[in-house]
Amino acid sequence: MILFALDLAGNRIYIENAHAGTTYLCEECGTRLMAKNKGSERQHHYAHIPDEKNRGIQRDCKWRSDLRTENQMSEWHRSWQERYPESQREVVFKKDGRIFRADVFLPERREVIEFQHSRITSEDFHERNEFYNSLGYSVIWLFDFDELEGRYQYIHPEQYDDFVQDFVREGQKVYAMDQDTYRSTFGDWKAKSKKVHVCFMRTYNQWRFYSYIKIVTGSFEYDMPMHLFVVEMKERAFLSRIGIKDGYR
């Protein structure tokens, strides 16, 4: 789903600020877009104006856009992304023929923020990380932990053997889920770079936040549960970590 486009002067225009009948250009493929922001049944967005000469370019661009749409359609994703200034949202990066659109880019911190509500494959996860790291940017992933829908169990650290105890820090909470549930929810991945950070977030009557610490991937070899070691963060500290200053925007 395309939410930002360029006007003929090169300014980025958010879909809610677009005007009907005005020509806009796609940041990714450079072809013409029309604004679809008058209806009430679907989320407002830009759509490509069919161009026979650039049909292949538009097809590839639409394919990339469609991959993002499932995740962007969730209220959870939109509510977080909209806490940032428009200039920091949906930022397009290009390098060596590859094109990616970051959910949020914090230029002063050289960090990309990705909000993930839907499942993501390991290939997509690693490809995005490698791409942004190659540009010199760190990546912070924020997963919607509520997507587990209760398919995890709490295990008190004292019930673990010495091997697992080595990973537990004072004050941490520990959760476990089986292999199939883990993969169906998050995909089969593990961060390979120190410039990639992952956070899991849960929602109660008010927002509470958990920061990813460590995953014991070796447990897969023995058909044991996957373990998530998490520590509760205070709300203000969490918001500051992801570039949202002075509370909610």
Side-chain angles (χ1 to χ4, degrees), residues 1-5 12 26-30 43 45-46 57-74 76-148 182-201 209-215 217 226 228 238 241-244:
M1 185 170 293
I2 302 175
L3 303 178
F4 287 85
R12 293 185 85 229
C26 178
E27 292 182 282
E28 296 188 39
C29 69
Q43 182 180 350
H45 63 284
Y46 289 99
I57 294 174
Q58 289 186 329
R59 181 189 61 239
D60 293 343
C61 189
K62 184 177 184 303
W63 174 77
R64 290 191 298 269
S65 177
D66 289 345
L67 288 179
R68 297 191 300 266
T69 298
E70 179 183 359
N71 192 49
Q72 290 176 323
M73 286 294 288
S74 72
W76 179 88
H77 183 282
R78 292 199 301 270
S79 67
W80 277 104
Q81 196 175 26
E82 290 175 356
R83 296 167 193 249
Y84 295 84
E86 291 178 4
S87 62
Q88 295 181 347
R89 290 184 245 156
E90 299 290 314
V91 180
V92 173
F93 295 95
K94 303 179 181 180
K95 180 182 179 182
D96 300 332
R98 294 191 294 169
I99 303 174
F100 285 86
R101 186 186 291 266
D103 285 338
V104 171
F105 177 58
L106 306 177
E108 70 282 1
R109 292 167 44 159
R110 300 181 65 81
E111 288 181 332
V112 168
I113 309 291
E114 293 282 1
F115 295 98
Q116 197 65 33
H117 175 77
S118 59
R119 184 185 186 280
I120 182 172
T121 66
S122 59
E123 292 81 10
D124 194 12
F125 178 78
H126 294 310
E127 185 179 17
R128 287 198 227 174
N129 292 334
E130 184 277 327
F131 177 82
Y132 292 125
N133 286 173
S134 74
L135 296 175
Y137 305 139
S138 297
V139 187
I140 300 177
W141 289 84
L142 294 103
F143 281 89
D144 183 1
F145 197 45
D146 275 349
E147 277 298 280
L148 288 175
Y182 175 83
R183 286 179 171 163
S184 66
T185 304
F186 300 117
D188 185 12
W189 54 259
K190 180 183 178 183
K192 299 178 180 179
S193 169
K194 293 183 179 179
K195 296 180 67 177
V196 176
H197 312 278
V198 181
C199 292
F200 295 103
M201 308 190 324
F209 310 100
Y210 298 91
S211 174
Y212 169 92
I213 301 297
K214 195 176 290 289
I215 288 181
T217 53
M226 169 65 73
L228 299 178
F238 178 84
R241 178 67 187 91
I242 62 173
I244 299 179

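Owing to the predicted nature of the structure, the values given are computational and were not obtained by experimental measurement.
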Candidate pair Tyr137 and Tyr132, rule ring pair (Phe, Tyr, Trp, His ring centres under 6.0 Å), full reasoning: CA-CA 5 Å; Tyr137 305 139; Tyr132 292 125; 7.3 Å; no
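- Considering only heavy atoms from C-beta on, Asn133 comes within 4.5 Å of Val196 through its side chain.
- Closest approach of Leu106 to Gly243, counting heavy atoms only: CD1-CA, 3.8 Å.
- Salt bridge Arg89/Glu82: absent, no basic N to carboxylate O contact under 4.0 Å.
- With salt bridges taken as basic N to acidic carboxylate O contacts below 4.0 Å, one links Glu130 and Arg98.
- Under the rule for a side-chain contact (heavy atoms from CB on, under 4.5 Å), the partners of Arg64 that lie at least two apart in sequence or sit in another chain are Glu28, Asp60, Cys61, Arg68, Ile99.
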Take Glu108 and Gln88, measure what side-chain contact (heavy atoms from CB on, under 4.5 Å) needs, and give me the verdict at the end. CA-CA 11 Å; Glu108 70 282 1; Gln88 295 181 347; 4.3 Å; yes
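- In this structure a side-chain-to-backbone donor-acceptor pair under 3.5 Å is present from Ser65 to Met1.
- Side-chain contact check for Arg128 versus Trp141: some heavy-atom pair is nearer than 4.5 Å.
- When side chains are defined from C-beta on, His197 does not count as touching Val139, because their heavy atoms never get closer than 4.5 Å.
- Side-chain contact check for Ser138 versus Arg110: every heavy-atom pair is 4.5 Å or farther apart.
- Inter-residue side-chain proximity for Tyr84 and Ile242 is flagged as met; some heavy-atom pair is nearer than 4.5 Å.
- Ring geometry for Trp76 versus Phe115: interplanar angle over 60°, hence perpendicular rather than tilted (30 to 60°).
- Inter-residue side-chain proximity for Val91 and Phe4 is flagged as unmet; no heavy-atom pair is nearer than 4.5 Å.
- Remark: the Asp103 side chain and the Trp80 side chain contain no N/O donor-acceptor pair separated by less than 3.5 Å.
- At least one side-chain heavy atom of Leu135 sits less than 4.5 Å from a side-chain heavy atom of Phe93.
- Counting only heavy atoms from C-beta outward, the side chains of Glu27 and Glu90 never approach each other to under 4.5 Å.
- Across Glu114 and Ala102, no two heavy atoms sit closer than the pair OE2-CA, 3.8 Å.
- With salt bridges taken as basic N to acidic carboxylate O contacts below 4.0 Å, one links Glu111 and Arg241.
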